**Q** 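Submitted below is the structure of interest, expressed as structure tokens.
Quantities reported herein were computed from a predicted structural model and do not represent experimental measurements.
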Amino acid sequence: MKQGSLDMLGPTERRLWAAARVWAAHQVPYMASALLSLEPIVVDQLDLHPDQRLDLSALPVDQSWHVYLDPEVMSELDVPTTGFWLIHQVSHLLRHHGDRFPCREVSGHQAPVSEGNPDQRRWNTAADAEINDDLVAGTTKRPDGAVTPHALGLADGWTAEQYWDALGGAVDLQLPPGRLDDQSQGDCGSGCDGQGRPWDSDRSGLADAAQKLLEREVARQIKEHQQLYGNTPAGWQRWASELLEPTVRWQQVLAAAVRRGVADVAGRVDFSYRKPSRRSSISGDVILPSLRQPLPKVAMVLDTSGSMNDGMLAQSLAEVGGVLRSLGVGRRQLDIICCDAEAFEAQKVMQAKDVILLGGGGTDMGVGLAKAAELRPKPDLIVVLTDGHTPWPAAAPKGIRVIVGLMDPRGSVPEWARAIDIGAADAA
Ligand SMILES: [Zn+2]
């Protein structure tokens with residue numbers, strides 16, 4: 001087996017490679033930068049006995065973004081089929097199928113799928129099903145035999161892990177060594193399951209940091225394309241949203257921080273006799289005090305100074321409002337104070353979108369905190385939404401926890417507050 005660069009290909013195959021990349025970039029323009037990042041490595045197997053040759057018909061990739069081209073395979077392909085496989089393989093890489101292989105830890109074997117490892121073949125099929133329903137949804141022509149959820153008798157739109165579970169034992173994936181049946185799609189390489197292949201090169205490829213940047217770039221392109229044309233496949237839209245808007249993550253952090261605040265409030269135990277405890281029944285006639293868990297009173301301070309973007313602020317406010325509601329903090333327990341260099345009167349609203357954003361001048365969140373601390377009843381928790389370009393007081397208002405939702409990673413947060421990065425991912 002010999003490996004080398006594109007000049008190991010004949011002129012026809014070299015033209016095919018170039019044309020297929022252009023064709024693919026035309027089909028899925030939002031993935032053009034990813035397609036251009038593939039580094040081709042030619043694998044010539046002519047010195048091997050035909051029985052020993054490995055199946056590179058799917059143009060397999062590795063996790064360093066090398067794509068392996070077998071001149072013999074290329075001589076049989078046309079532009080759309082080659083283009084399809086390039087889009088398909090880039091999809092494996094963008095979706096990190098190599099890191100998601102369920103048997104990753106336990107297997108560690110180096111055998112290519114075409115030599116019949118059932119776990120690898122099952123995962124390859126599952127990952128292909130995750131990718132290909134999106135390719136079918138687009139304008140791309142799918143070669144005969146490329147796995148689709150439909151061909152497996154399963155629904156579209158699942159994750160590879162869901163297809164993996166559904167395929168467990170249901171399909172006979174054990175094939176004779178070196179043989180591929182009509183239903184099979186070939187081996188997508190270590191880029192699909194993270195397990196080495198005999199053809200994998202030790203040349204350094206695309207570094208991890210560059211891969212991360214590339215993923216963000218593709219995700220941005222998907223968003224833009226969706227806005228302009230509205231026809232990006234649903235799976236890719238989800239992928240881009242999860243990558244660019246890790247809202248769930250900061251919302252979870254915020255929820256945990258608020259819950260801790262609630263626990264603190266609940267911790268100010270108030271053994272009250274108002275409501276009999278359920279344990280009363282087993283304690284005879286003695287009425288045990290029940291633990292009252294007061295709902296926390298929350299105030300929000302919104303930075304409405306000139307440096308803040310109203311759209312972003314409204315969006316973050318809506319999301320923070322959602323988190324608080326999910327924790328049981330309703331309108332009665334929530335006061336919202338707009339603050340630039342001065343603090344405005346507190347507003348109690350049903351929905352975040354009903355808040356009237358007042359302000360637009362200089363910035364001093366200290367004034368807003370002071371105003372919130374004066375509210376009666378006194379809040380247990382203050383959530384500040386700000387870009388952090390503000391002076392802060394030396395200490396938190398007495399007896400009140402402060403959580404700062406920071407909308408600009410370059411902004412500052414005082415040590416006495418709990419900082420949660422909001423929208424930091426987009427600024428990166
Ligand atoms: Zn594949």
Side-chain angles (χ1 to χ4, degrees), residues 216 220 223-224 227 241 244-255 257-258 261 298-325 329 331 334-375 379 381-397 400-428:
R216 298 193 66 80
R220 267 193 287 266
K223 289 274 171 191
E224 206 178 294
Q227 268 172 9
S241 296
L244 292 177
E245 301 153 17
T247 49
V248 174
R249 240 182 295 151
W250 74 251
Q251 287 179 333
Q252 281 165 348
V253 176
L254 175 66
V258 174
V298 181
M300 281 182 71
V301 175
L302 305 181
D303 181 348
T304 48
S305 64
S307 61
M308 292 287 288
N309 169 328
D310 273 7
M312 269 175 65
L313 182 61
Q315 172 76 20
S316 302
L317 173 61
E319 282 162 0
V320 171
V323 171
L324 293 176
R325 255 197 317 282
V329 176
R331 180 167 65 121
L334 181 64
D335 284 290
I336 298 176
I337 293 171
C338 294
C339 175
D340 52 9
E342 63 169 314
F344 295 83
E345 282 307 313
Q347 306 176 48
K348 273 190 196 294
V349 294
M350 277 305 272
Q351 283 176 310
K353 68 176 171 58
D354 298 330
V355 171
I356 300 156
L357 296 176
L358 302 163
T363 319
D364 186 358
M365 288 305 105
V367 184
L369 284 168
K371 180 100 179 175
E374 283 166 14
L375 291 166
L381 184 74
I382 301 176
V383 180
V384 187
L385 285 185
T386 177
D387 58 11
H389 301 295
T390 169
W392 294 101
I400 302 177
R401 284 172 144 268
V402 177
I403 296 173
V404 175
L406 190 64
M407 297 171 67
D408 179 347
R410 292 159 300 181
S412 75
V413 177
E415 273 176 23
W416 43 260
R418 171 84 160 87
I420 292 171
D421 279 330
I422 293 180
D426 265 345

**Q** For T363, enumerate each residue passing the side-chain hydrogen bond (donor to acceptor under 3.5 Å, both in side chains) test, keeping only those at least two apart in sequence or located in another chain.
**A** S305
**Q** First locate atom CD1 of I336, then atom CD1 of I356, and finally report the distance between them rounded to the nearest 0.5 Å.
**A**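 One finds 11.0 Å between CD1 of I336 and CD1 of I356.
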**Q** Between V367 and A341, which heavy-atom pair has the shortest distance, and what is it?
**A**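 Looks like CG2-O, 3.7 Å.
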**Q** Indicate the atoms forming the closest heavy-atom contact of L369 with W416, along with that distance.
**A**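 Scanning both residues, the minimum pair turns out to be CD1-CH2, 3.7 Å.
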**Q** Listed by chain and number, what are the salt bridge (charged side-chain N to carboxylate O under 4.0 Å, His left out) partners of E345, not counting sequence neighbours?
**A**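 Per chain and number, E345 pairs via salt bridge (charged side-chain N to carboxylate O under 4.0 Å, His left out) with K371.
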**Q** Taking salt bridge (charged side-chain N to carboxylate O under 4.0 Å, His left out) as the test, write out the residues that go with D335, two or more places apart.
**A** K297, K348
**Q** Who are the side-chain hydrogen bond (donor to acceptor under 3.5 Å, both in side chains) partners of D340, not counting sequence neighbours?
**A**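 D340 satisfies side-chain hydrogen bond (donor to acceptor under 3.5 Å, both in side chains) with no other residue.
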**Q** Mind listing the closest non-hydrogen atom pair of G405 and I422 along with its distance?
**A**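 Smallest interatomic distance, heavy atoms only, reads CA-CD1, 3.6 Å.
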**Q** Which atom pair, heavy atoms only, marks the closest approach of L406 to G411?
**A**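 For L406 versus G411, the nearest heavy atoms are CD2-O, 3.8 Å.
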**Q** Search all heavy atoms of P379 against all heavy atoms of I400 and return the closest pair with its distance.
**A**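 Residues P379 and I400, closest heavy atoms: O-CG1, 3.4 Å.
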**Q** Look up atom CE in M300 and atom CG in L317, then write down how far apart they are to the nearest 0.5 Å.
**A** 5.0 Å
**Q** Check residues 381-395 and write down every donor-acceptor pair under 3.5 Å in which the side-chain atom is one partner and the other belongs to a residue at least two apart or another chain.
**A**
from	atom 1	to	atom 2	distance (Å)
T386	OG1	D303	OD2	2.7
T386	OG1	G388	N	2.9
D387	OD1	H389	N	3.0
D387	OD2	S307	OG	2.7
H389	NE2	D408	OD2	2.9
T390	OG1	M365	N	2.9
W392	NE1	S412	O	3.0
W392	NE1	S412	OG	3.4

**Q** Which heavy-atom pair separates I337 from A343 by the least distance, and what is that distance?
**A**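 Taking I337 first and A343 second, the nearest heavy atoms are CG2-CB, 4.1 Å.
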**Q** Say you draw a straight line from CG of L302 to CG of D310; how long is it, rounded to the nearest 0.5 Å?
**A**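 Output value for this atom pair is 10.5 Å.
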**Q** Quick one: CE on M308 to SG on C338, what's the gap to the nearest 0.5 Å?
**A** 10.5 Å
